[in-house]
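Here's the structure we're looking at; comments come further down.
Position 1 is the first residue of the sequence, and the numbers go up from there.
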Amino acid sequence: MRMMRGFQGYHQTVTMTETRIDGDRAPDGWDALAAELDLWAAAGRPATLWWRDDDATAPGAALDRLLELGARHDVPVALAVIPARAQPALADALRGAAVLQHGWSHANHAPLGAKKCELGDDRPVEAVTAELAEGWRRLSALVGPALLPVLVPPWNRIAPAVSAALPGLGFRALSTDREHDAAVPGLAQVNTHLDPVDWRHGGGFLGTAAALAGAIDHLRARRLGTVPDRPTGLLTHHLAMDGATWDFVDRLLAVTAGHSAARWLAAPAVFAHRGGVPR
């Protein structure tokens, strides 16, 4: 079993007693996911899901593979694009995907020995927000209406003071991999809960049960009403995925798209986009 990392309000694990099926046979991760989705179906509720992919900058084979995978399963993906690195040719490679702003340049400004962070408190807030405003202008000129007023912090880290400044810049939502301690008025939070890459050990596939555990935890917590009923998020990095990780994502999309309770949402629906434009 695996503890959900950093999602405030619940710290449950996927335990064998909660998900045991077929007598004494302990389920694998896919069985546990199916069992949870079955409970949503029995309750007559849609288990909403969404998909975010980070670090897009340019067209390429990996991005094509990602978008083809989504199209094959009819699952929309939102691309978190790095503004300072985005190439003009990216606009013609989106295939209808929504674009979210992924910081400014994905540069680490944290002190030596600290966790990597671009939007931390190691620089004046004014310097950080000036970069974010320039990033919005650059992406808006590049991809036009495909861009939503949603900020995705590099490394999923952001200082509270920077979060608090986002509505003043025109951002309407923040997306990381965890709930933040303090809500910011005017700023929605819709996060991710399933990342199949084993970052702590240098990359590669995390493993089925470990990868699915966070999503199952979040789905269960939503169903039981212990956390807000916001979509459960898949996070991928198309430039960092090996064959096993691609295979896992392929199967995840197939399993969920084929279940009556699962409903994949496009990014505009996820963030209830109303046309806000950052300044």
Side-chain angles (χ1 to χ4, degrees), residues 1-22 25-54 69-70 73-78 152 156 173-180 183 188-198 205-236 245 247-267 269-272:
M1 57 187 176
R2 177 174 176 259
M3 187 78 74
M4 170 62 191
R5 53 175 182 167
F7 194 97
Q8 187 183 18
Y10 71 104
H11 295 282
Q12 300 173 339
T13 56
V14 180
T15 67
M16 295 305 182
T17 55
E18 289 174 318
T19 58
R20 188 177 299 278
I21 60 174
D22 294 342
R25 183 172 70 85
D28 64 10
W30 299 115
D31 288 334
L33 176 61
E36 179 59 34
L37 291 175
D38 287 346
L39 291 172
W40 281 79
R45 296 173 59 190
T48 51
L49 308 165
W50 79 292
W51 182 10
R52 191 187 99 203
D53 182 87
D54 286 2
L69 188 62
H73 294 289
D74 196 24
V75 174
V77 59
V152 177
N156 291 293
L174 174 69
S175 181
T176 70
D177 63 354
R178 62 185 63 84
E179 288 292 291
H180 292 266
Q189 288 188 41
V190 185
N191 301 311
T192 62
H193 311 91
L194 189 170
D195 183 345
V197 175
D198 188 1
F205 180 43
L206 184 62
T208 298
L212 290 174
I216 295 169
D217 276 357
H218 187 243
L219 285 165
R220 181 186 298 112
R222 289 172 57 196
R223 177 173 53 81
L224 297 176
T226 59
V227 298
D229 189 12
R230 301 181 184 124
T232 299
L234 165 66
L235 172 60
T236 58
T245 309
D247 289 345
F248 168 84
V249 174
D250 191 358
R251 183 172 179 183
L252 175 66
L253 299 185
V255 166
T256 51
H259 197 287
S260 62
R263 181 179 302 169
W264 287 93
L265 300 179
V270 170
F271 295 102

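Looking at heavy atoms from C-beta onward, Leu235 lies out of side-chain contact with Trp51 at the 4.5 angstrom threshold. Residues Pro231 and Leu49 have side chains not in contact (no heavy-atom distance under 4.5 Å, counting atoms from C-beta outward). Put simply, the side chain of Pro76 does not reach to within 4.5 Å of the side chain of Leu265, judged on heavy atoms. Between Asp195 and Leu206 the shortest side-chain heavy-atom distance does not fall below 4.5 Å. With a 4.5 Å cut-off on side-chain heavy atoms, Leu234 and Trp50 do not count as touching. Side-chain contact between Leu194 and Ile216: absent, with no pair of heavy atoms (C-beta onward) separated by less than 4.5 Å. In this structure, Leu252 and Leu33 have side chains that are in contact, with non-hydrogen atoms separated by less than 4.5 Å.
For residues 40-52, the pairs satisfying salt bridge (Lys or Arg N to Asp or Glu O under 4.0 Å) are Arg45-Asp229, Arg52-Asp54, with sequence neighbours left out. Note on residues 34-44: pairs passing salt bridge (Lys or Arg N to Asp or Glu O under 4.0 Å), not counting sequence neighbours, are Glu36-Arg223. Applying the salt bridge (Lys or Arg N to Asp or Glu O under 4.0 Å) rule to pairs touching residues 250-265 yields Arg72-Asp250, sequence neighbours excluded.
The minimum heavy-atom distance linking Ala211 with Pro196 is given by the pair CB-CA, 4.0 Å. Between Ser175 and Val190, the closest heavy-atom pair is OG-O, 2.8 Å. Shown here for Trp264 and Ala257, the closest heavy-atom pair between the two residues is NE1-N, 4.1 Å. Shown here for Pro228 and Arg222, the closest heavy-atom pair between the two residues is O-CG, 3.7 Å.
For Ala261, the side chain to side chain contact (heavy atoms under 4.5 Å, CB included) criterion is met by Trp40, Ala41, His259, not counting sequence neighbours. Partners of Thr245 according to the side chain to side chain donor-acceptor pair (under 3.5 Å) rule, which considers only residues two or more places apart in sequence or in another chain, are Asp242.
For the atom pair CG of Asn191 and CG of Asn156, the computed distance is 8.0 Å after rounding to the nearest 0.5 Å. To the nearest 0.5 Å, atom CG of residue Leu212 and atom NE2 of residue His193 are 14.0 Å apart. In this structure, CG on Asp198 lies 10.0 Å from CZ on Phe205, to the nearest 0.5 angstrom.
In this structure, a donor-acceptor pair under 3.5 Å is absent between the side chains of Asp177 and Thr192.
Of the possible donor and acceptor atoms, none in the side chain of Thr232 sits under 3.5 Å from a partner among the backbone N and O of Ala215.
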